[in-house]
Amino acid sequence: MDRDRIIKVEIDSLGCLHISPNMKKFTLVYRTAKQVHWNQEKQTVYSPKPTDWTYVDWYNHILKVVKEECFCELYLTDDTNWINVSEHIKSEITKV
């Protein structure tokens, strides 16, 4: 299984959660039909704006889909950039 570090976690102006891998591209992740998509412009895997799920739920779902369907484990590092993510959400995500 491949591994790639997460260089950025962002909540955009529409409320979507974006995760930026360092090297990998998941252009076909939409084919999994699991509401995870690839943003070509930002080079991120992303989720829709949460309604029933929290950002932490979506973060975990994105990582699970990428691991199970794209055979790549994404992981956080001390250098991961956090953009428009509250300290509470960041804390919950880093506990995972």
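- Side-chain contact between Leu76 and Val9 is present, with at least one heavy-atom pair separated by less than 4.5 Å.
- Between the side chain of Asp4 and the main chain of Asn22, a donor-acceptor pair closer than 3.5 Å is present.
- With contacts defined as side-chain heavy-atom distances shorter than 4.5 Å, the pair Asp57/Asp52 does not qualify.
- No side-chain heavy atom of Phe26 sits under 4.5 Å from any side-chain heavy atom of Val65.
- Minimum heavy-atom separation, Lys90 to Val85: N-CG1, 3.8 Å.
- Atom-to-atom distance recorded for Lys8:NZ and Thr44:OG1 is 7.5 Å, nearest 0.5 angstrom.
- Between Glu92 and Lys95 the shortest side-chain heavy-atom distance falls below 4.5 Å.
- Taking both residues in full, the closest heavy atoms of Thr27 and Gln40 are given as CG2-OE1, 3.8 Å, listed atom of the first, atom of the second, then distance.
- Placement of Ile62 and Ile7 in two distinct hydrophobic clusters is found when ILVMFWY residues are connected by side-chain heavy-atom separations under 4.5 Å, directly or transitively.
- Residue pairs meeting the salt bridge (charged side-chain N to carboxylate O under 4.0 Å, His left out) criterion with at least one member in residues 32-43, sequence neighbours excluded: Glu10-Lys42, Lys34-Glu69.
- Minimum interatomic distance between Met1 and Lys67 (heavy atoms only, all atoms of both residues): SD-CG, 3.6 Å.
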>> For Tyr30 and Leu28: C-alpha separation, side-chain torsions, deciding distance, then whether side chain to side chain contact (heavy atoms under 4.5 Å, CB included) applies.
In response: CA-CA 5 Å; Tyr30 71 93; Leu28 301 178; 4.1 Å; yes
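- Annotation: Tyr46 is in aromatic contact with His37 [ring centroid separation under 6.0 Å].
- Between Ser86 and Tyr55, every side-chain heavy-atom pair lies at or beyond the 4.5 Å cut-off.
- The closest side-chain heavy-atom distance from Lys25 to Gln43 is below 4.5 Å.
- Between Ile11 and Leu17 the shortest side-chain heavy-atom distance falls below 4.5 Å.
- Summarising the geometry, atom CG belonging to Asp2 is positioned 10.5 Å from atom CG belonging to Leu74; distances are rounded to the nearest 0.5 Å.
- Ser47 contributes atom OG, which lies 11.5 Å from atom CG of Asn60 (distance to the nearest 0.5 angstrom).
- Side-chain contact check for Pro48 versus Trp58: some heavy-atom pair is nearer than 4.5 Å.
- Of all heavy-atom pairs spanning Thr80 and Trp82, the tightest one is O-CD1, 3.3 Å.
- When all heavy atoms are compared, the tightest approach of Val29 to Cys70 is CG2-SG, 4.0 Å.
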